[in-house]
Amino acid sequence: MAAISKIATGNGHGENSPYFDGWKAYEANPFHPIDRPDGVIQMGLAENQLSFDFIEKWLMDHPEASLCTAEGLDKFKETALFQDYHGLPEFRQAVAKFMGKVRGDRVKFDPNRIVMSGGATGAHEMLAFCLADPGEAFLVPTPYYPGFDRDLRWRTGVELVLVVCESANDFMITIDALEAAYEKAQEANLRVKGLLITNPSNPLGTFMDKETLKNIVRFINQKNIHLISDEIYAATVFMEPEFVSMSEIIEQVECNRDLIHIVYSLSKDMGFPGFRVGIVYSYNDTVTNCARKMSSFGLVSSQTQHLIASMLSDDEFVDNFVSDSKERLFKRHKYFTWSLAQVGIGSLKSNAGLFIWMDLRKLLKEKTLEAEMELWRVIINDVKLNVSPGSSFHCNEPGWFRVCFANMDDNTMEVALSRIRNFMVKKKETMVPPRNKLWRRTSLKLSLSRRMDDFVMSPSILSPQSPLPQSPLVRART
């Protein structure tokens, strides 16, 4: 048999990570309320499914937006024919306007700098190809999305150097941590070409304040390295303060704009991961031109562009959708974190994203990666929840787990929370002297029941459409 390439036979995709192993466990035995009530519940997928009814209503009211309807037929031929890699003008205009909208219209984006790609995955790889040669490196603060190991390294040959962030300061990025990582790269004879930040953060569910962002810009400017700001969760910020984009910061800090590049997507903010709409927005003309040519390998279909352009050009829909989505995320996050707190589970304080950074350090037998993996296997195999261990995000402190809360309906969430409660009751029983076990178990159940009544007030409270108090961010805008 003839030999095949090293890329084909290597492990650059990173599929052997616990992050993907959890997905495999779910796919082998997926939860279904009737057919598989004991199946694994998917809490490892960062999807926003809380506002689909809003989108479905818009589609019903605008059948002409789809080329597969009688109303959209007159646009079928011109859209189905060849499109070059620049993208439909109306698509680029609508996306640029939407990017400004979700950043509070405090900054404008030039449609001529919108470069499309096959999701944020394609956007990141495209930038890696444009900014670095094989063997050169990017700095990446931890914890970070496991897919970056695939997106930036697999086919490009680029190396990633970890910027170690710690829970002692809520995993904030500091200049000391950046300098330490830069020096480590130099000691390893790696040429650093850029810094990648995720803002808002996946997996932390937090975003950076202005001073941190300004310090980051000063750092990359001093080192003369590129900055990639992944902002695909920009519209998921559901509590004050408001999100601050790198596009705003460069208006306030003197820097070389040729070093600044933004990655965006509609996968998280709109809940459209299947549409594969990724965006590279670079302030560097050469990078923009090169990325546009490279986008030939991962274009967004013209049918999708047509639909997205129609939807995002509807100002009333966009305003209502963004506000409604934030409100629903706020309610789900509030109830989910409250429910975990009732059984003694904490999490990093967060106000963005589709997940929480759950703290299970006190449940570890010892503070080691092995102990974290042992606990994770119990959660996957016995509790039957696919949550992602912190080590798969390169977190250097064992015991943290990312848990997604927006990719399921209310009933599935309640089943998941019930499993967590039962797991914690059993855990507490093993930690309490025998004569106190009955009292502790009864007390815990009574406490949960009483507090749930206080919180819920009515059966409708679990629904995203329920009349809970508004998110502070949404309330400030209305």
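Please read these numbers as outputs of a predicted model, since none were measured by experiment.
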Run the numbers on Y264 and V277 for side-chain contact (heavy atoms from CB on, under 4.5 Å), then give the verdict. CA-CA 9 Å; Y264 190 55; V277 179; over 6 Å; no

In terms of heavy-atom contacts, does NZ of K24 have more than 12 from other residues, nucleotides or ligands at under 6.0 Å? yes

Taking every heavy atom of I380 against every heavy atom of L385, the minimum-distance pair comes out as CD1-O, 3.4 Å

Stepwise, does the side-chain contact (heavy atoms from CB on, under 4.5 Å) test hold for I228 with F138? CA-CA 10 Å; I228 302 174; F138 286 104; 4.1 Å; yes

Any carboxylate oxygen within less than 4.0 angstrom of a Lys/Arg side-chain nitrogen, looking at E242 and R106? yes

Under 3.5 Å, is there a donor-acceptor pair between the side chain of N320 and the main chain of E316? yes

All heavy atoms of W400 vs all of L348, minimum pair found to be CZ3-N, 4.1 Å

Would you say that M413 contacts R332 through its side chain, given a criterion of any heavy-atom pair below 4.5 Å between the two side chains? yes

I'd like to check the ring pair (Phe, Tyr, Trp, His ring centres under 6.0 Å) partners of Y26; sequence neighbours left out, ordered by chain and number. none

Interatomic spacing from SG in C395 to CG in L204 - rounded to 0.5 Å: 8.0 Å

Going by an N to O cut-off under 4.0 Å, is there a salt bridge joining K108 and E251? no

Between T412 and D409, does any side-chain donor sit less than 3.5 Å from a side-chain acceptor? yes

For the aromatic rings, using the six-membered ring if either is Trp, is the centroid distance between Y281 and H261 under 6.0 Å? no

Judged by atom type as modelled, is there a donor-acceptor pair below 3.5 Å linking the side chain of N407 to the main-chain atoms of A46? no

Using the ring-ring contact (aromatic ring centres under 6.0 Å, His included) rule, pick out the option among F405, F401, Y233, F393 that qualifies with F355. Y233

When you check the gap from the basic side-chain N to the acidic O, do D133 and K193 get nearer than 4.0 Å? no

Rounding to 0.5 Å, atoms CZ (F336) and OG (S347) come to a distance of 9.0 Å

Is the ring centre of W376 less than 6.0 Å from the ring centre of Y19? no

Does this structure show an ion pair linking D21 with R377, if we count only N-O contacts that are shorter than 4.0 Å? no

By ring pair (Phe, Tyr, Trp, His ring centres under 6.0 Å), F91 pairs with (sequence neighbours left out) none

I'd like to know if the side chain of S392 reaches the main chain of S388, judged simply by a donor and an acceptor atom lying under 3.5 Å from each other, with no hydrogens or angles considered. no

Using every non-hydrogen atom in the two residues, find where M239 and S350 come nearest and quote the distance to one decimal. CE-O, 3.5 Å

Measuring from atom CG of D258 to atom OG of S282, what distance do you get when rounded to the nearest 0.5 angstrom? 7.5 Å

Before you tell me yes or no, could you show the steps for K101 and D269 under salt bridge (charged side-chain N to carboxylate O under 4.0 Å, His left out), namely the whole-Å CA-CA distance, both residues' side-chain angles and the distance that decides it to 0.1 Å? CA-CA 12 Å; K101 178 73 68 176; D269 285 354; over 6 Å; no

Using the ring of each side chain (for Trp, its six-membered ring), is Y145 parallel, tilted or perpendicular to F148, with breaks at 30° and 60°? perpendicular

Can a salt bridge be assigned to the pair R361 and E397 using a cut-off of 4.0 Å between side-chain N and carboxylate O? yes

Decide side-chain contact (heavy atoms from CB on, under 4.5 Å) for R276 and S267; before the verdict, give the C-alpha distance in whole Å, the side-chain angles of both, and the deciding distance to 0.1 Å. CA-CA 7 Å; R276 310 309 301 147; S267 296; 4.2 Å; yes

Is there any side chain to side chain donor-acceptor pair (under 3.5 Å) pair reaching into residues 170-181, and which pairs are they, with sequence neighbours excluded? E179-K223

Closest heavy-atom pair, R402 versus N202, reported as atoms and distance to 0.1 Å, is NH1-OD1, 2.9 Å

Can you find a pair of side-chain heavy atoms, one from S245 and one from I262, that are under 4.5 Å apart? yes

Can any side-chain N or O of K214 pair as donor or acceptor with the backbone N or O of I249 at less than 3.5 Å? no

Minimal non-hydrogen separation, M408 against L50, with atom names: O-CD2, 4.1 Å

Between atom CE of M116 and atom CD1 of I308, what is the distance when rounded to the nearest 0.5 Å? 12.5 Å

How about F317 and F54: are their ring centres within less than 6.0 Å of each other? yes

Stepwise salt bridge (charged side-chain N to carboxylate O under 4.0 Å, His left out) check, D61 with K57: CA-CA 6 Å; D61 293 340; K57 182 180 185 305; 2.9 Å; yes

Could you walk me through whether H394 and D149 pass side-chain hydrogen bond (donor to acceptor under 3.5 Å, both in side chains), step by step? CA-CA 10 Å; H394 298 277; D149 294 320; 2.8 Å; yes

What closest approach, in Å, do I356 and T337 show between heavy atoms, and which atom pair accounts for it? CG2-CG2, 3.8 Å

Looking only at the side chains, is there a donor atom on one of S201 and T198 sitting less than 3.5 Å from an acceptor on the other? no

Geometric class of the W357/F171 ring pair [parallel <30°, tilted 30-60°, perpendicular >60°]: perpendicular

Could you walk me through whether M126 and S295 satisfy the side-chain contact (heavy atoms from CB on, under 4.5 Å) test, starting with their C-alpha distance in whole Å, then the side-chain angles of each, then the deciding distance to 0.1 Å, before giving a yes or no? CA-CA 8 Å; M126 206 153 56; S295 70; 4.0 Å; yes

Can you tell me if T212 and D209 form a side-chain donor-acceptor pair at under 3.5 Å? yes

Quick check on side chain to side chain donor-acceptor pair (under 3.5 Å): which of D151, D230, T156 does H124 satisfy it with? D230

Heavy-atom side-chain proximity of L259 to I225 below 4.5 angstrom: no

Taking Q186 for its side chain and R191 for its backbone only, find out whether a donor-acceptor pair lies under 3.5 Å. no

Could you tell me whether a side-chain N or O of T288 sits under 3.5 Å from a main-chain N or O of N284, the two making a donor and an acceptor? yes

Could you check whether W58 and D314, counting side-chain N and O atoms only, form a donor-acceptor pair closer than 3.5 Å? yes

Working to the nearest 0.5 angstrom, can you tell me the gap between L363 CG and M358 CE? 8.5 Å

Considering only heavy atoms from C-beta outward, does the side chain of I55 approach that of M311 to under 4.5 Å? yes

Consider only side-chain N and O atoms of N386 and Q42, and report whether a donor and an acceptor are under 3.5 Å apart. yes

Decide yes or no on salt bridge (charged side-chain N to carboxylate O under 4.0 Å, His left out) for R155 and E125, but give the supporting numbers first. CA-CA 8 Å; R155 301 194 298 186; E125 185 183 61; 2.5 Å; yes

Starting at OG1 of T142, measure out to CG of L160 and round the result to the nearest 0.5 Å. 12.0 Å

I'd like to know if the side chain of S117 reaches the main chain of A123, judged simply by a donor and an acceptor atom lying under 3.5 Å from each other, with no hydrogens or angles considered. yes

Verify whether one side chain among R218 and N221 offers a donor that lies under 3.5 Å from an acceptor in the other. no

Any donor-acceptor N or O pair under 3.5 Å, side chains R328, N48: no

